[in-house]
Number of protein chains: 2
Amino acid sequence: MKLNRELLKGTTETVVLAALARQPSHGYQLVQQLKAQSEGIFALGEGTLYPLLYKLEAKGLIRGRWESGTGGRRKRVYSLTRKGHRCLADRSAQWDQMVRGVALILGGKSYA
Amino acid sequence: MKLNRELLKGTTETVVLAALARQPSHGYQLVQQLKAQSEGIFALGEGTLYPLLYKLEAKGLIRGRWESGTGGRRKRVYSLTRKGHRCLADRSAQWDQMVRGVALILGGKSYA
DNA sequence: TATTTATACCTCGTATAGCAAAGTATACGC
DNA sequence: GCGTATACTTTGCTATACGAGGTATAAATA
């Protein structure tokens, strides 16, 4: 099932923060991790993820460090800052509220 | 708790369809119903709702009829079309998928 | 009667998220 | 040497939601 693009908005930041909270990671890896761990729901394009990472870093929620792994191929590994952890907690709570709000309207009906 | 604006994106259409499925209603009434029924989560502005209703009608998901109630104050009452019911079923399923996907990433942790 | 408040609708400009597409560059297998 | 996978970067596009303003009528109140 292809999800409505708009549905993802606002949650993307949250899932990226959550993924980085579990384990520091770099962009290319994140794209694949998120897709795999969410069973294809969060199949972010690179054009979505990289600008998002820059924004999160500019906001001080994550910090990136250049690493030159095997050979010389550089990659930028991001991890959550303390501020990022606080933000994740907040976003997570907001998400719960959101789910609750939708449930109140949809009211458990299936509409199927 | 003030929700991130972006979080609402994509769900707004769904909750409006769901509200109209329960009971035909007009714009001004919908704004208040949604706010009340969702405990303040879906506090849509009129500048959000009215254009949304026009779009839903243009897509054939809802149909509006002018009614002149008490006195001469006109109001436009919307109800779901058959296509609207099908769309709601689809949106509802997408929402469930979405919630499932986020749960897979956030993994039940509280982050609090 | 005059004024305020509530009802009800309409519209424009702005901010921003996510995406597709294109580009750059290095490492690895064949 | 050549294709593929890795890894990062940037640009332009579309769509959504919102704030702020506007119009107009009915009801309440002073």
Side-chain angles (χ1 to χ4, degrees), chain A residues 2-17 24-35 38 40-59 61-62 64-78 91 94 98 101-102, chain B residues 2-17 24-35 38 41-59 62 64-78 91 94 98 101-102:
Chain A
K2 180 84 166 59
L3 278 192
N4 186 333
R5 164 198 301 208
E6 298 300 326
L7 212 49
L8 299 174
K9 290 198 177 179
T11 62
T12 312
E13 271 193 28
T14 306
V15 297
V16 167
L17 288 176
S25 190
H26 63 277
Y28 193 84
Q29 195 180 18
L30 266 174
V31 168
Q32 300 176 316
Q33 273 181 3
L34 287 177
K35 185 172 180 180
S38 69
I41 302 277
F42 291 102
L44 304 183
E46 302 183 13
T48 300
L49 185 62
Y50 284 111
L52 175 57
L53 289 173
Y54 308 149
K55 198 183 65 175
L56 291 177
E57 186 167 31
K59 287 203 275 186
L61 302 178
I62 64 178
R65 289 195 187 84
W66 283 109
E67 288 186 10
S68 41
T70 328
R73 199 198 286 137
R74 83 239 166 89
K75 52 187 171 182
R76 194 156 174 82
V77 176
Y78 292 94
R91 293 301 192 105
Q94 280 191 39
M98 177 77 180
V102 174
Chain B
K2 180 82 164 60
L3 279 192
N4 185 333
R5 166 198 297 210
E6 298 300 326
L7 211 50
L8 299 175
K9 290 199 177 179
T11 62
T12 311
E13 271 194 27
T14 306
V15 297
V16 167
L17 288 176
S25 190
H26 63 278
Y28 193 84
Q29 196 179 17
L30 268 174
V31 169
Q32 300 175 316
Q33 273 181 3
L34 287 176
K35 185 172 180 180
S38 70
I41 302 277
F42 290 102
L44 303 183
E46 302 183 13
T48 300
L49 185 62
Y50 285 111
L52 175 57
L53 289 173
Y54 308 149
K55 199 184 65 174
L56 291 177
E57 187 167 30
K59 286 203 273 186
I62 64 178
R65 289 196 186 82
W66 283 109
E67 288 185 9
S68 42
T70 328
R73 199 196 287 137
R74 83 238 165 89
K75 52 187 172 181
R76 193 157 174 83
V77 176
Y78 292 93
R91 293 302 191 103
Q94 280 191 40
M98 176 78 180
V102 173

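Side-chain atoms are counted along with the backbone in the values below, which use heavy atoms only and exclude waters and symmetry mates. The chains referred to below are lettered A, B, ... by the order of the sequence lines, with proteins before strands, and numbering in each begins at 1.
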(request) Consider the side chain of B:Q32, meaning its heavy atoms from C-beta on, and name the nucleotide among D:dA15, D:dT6, C:dT7 that approaches it most closely. (result) C:dT7
(message) Apply side chain to side chain contact (heavy atoms under 4.5 Å, CB included) to residues B:L53 and B:V16 and explain how you reach the verdict.
(response) CA-CA 9 Å; B:L53 289 173; B:V16 167; 4.2 Å; yes
(message) Can you tell whether the side chains of B:R74 and B:E67 come within less than 4.0 Å, N to carboxylate O?
(response) no
(request) Could you check how far CG of A:L53 sits from P of D:dT9, rounded to whole Å? (result) 9 Å
(message) Under 4.0 Å, heavy atoms only, any strand: does B:L52 hit a base, just the sugar-phosphate, or nothing?
(response) nothing
(request) Mark yes or no for whether B:S38, through its side chain, and B:F42, through its backbone, hold a donor-acceptor pair below 3.5 Å. (result) yes
(message) I want to confirm an ordering. Mapping A:V77 and A:K9 to their closest nucleotides on DNA chain D, which one lands closer to the 5' end?
(response) A:V77
(message) Whole angstroms only, please: what is the CD-P distance between A:E67 and D:dC8?
(response) 10 Å
(message) If I take atom NZ in residue B:K75 and atom C1' in nucleotide C:dT7, what distance separates them, rounded to the nearest angstrom?
(response) 9 Å
(request) Select from B:Q29 and A:G45 the residue whose nearest nucleotide in DNA chain C is closer to the 5' end of that strand. (result) B:Q29
(request) May I ask you to evaluate whether A:K55 reaches the phosphate of C:dA17, defined as a side-chain N or O under 4.0 Å from OP1 or OP2? (result) yes
(message) Output the pairing pattern of DNA chain D as a dot-bracket string, 5' first, Watson-Crick or G-U wobble with both distances under 3.5 Å, | for cross-strand pairs, [ ] for crossing pairs.
(response) ||||||||||||||||||||||||||||||
(message) Tell me the interatomic distance from A:I41, atom CD1, to C:dG18, atom C1', rounded to whole angstroms.
(response) 16 Å
(message) So, taking the atom named CG in A:L56 and the one named CG in A:L52, what distance separates them when rounded to the nearest 0.5 Å?
(response) 4.5 Å
(request) Apply the test side chain to side chain contact (heavy atoms under 4.5 Å, CB included) to residues A:Y78 and A:E57: give CA-CA distance (whole Å), side-chain angles for both, the deciding distance (0.1 Å), then the verdict. (result) CA-CA 9 Å; A:Y78 292 94; A:E57 186 167 31; 3.7 Å; yes
(request) Calculate the interatomic distance between B:L34 atom CG and D:dC18 atom P; express it in whole Å. (result) 11 Å
(message) To the nearest 0.5 Å, what is the distance between CD1 on A:I62 and CD on A:E13?
(response) 9.5 Å
Tabulated below should be each protein N or O lying under 3.5 Å from an N or O of nucleotides 10-12 of chain C; please produce it.
{"residue": "C:dC10", "atom": "OP2", "partner": "B:Y54", "partner atom": "OH", "Å": "2.3"}
{"residue": "C:dC10", "atom": "O5'", "partner": "B:Y54", "partner atom": "OH", "Å": "3.0"}

(message) Run B:H26 and B:Q29 through side chain to side chain contact (heavy atoms under 4.5 Å, CB included) and show every step you take.
(response) CA-CA 5 Å; B:H26 63 278; B:Q29 196 179 17; 3.3 Å; yes
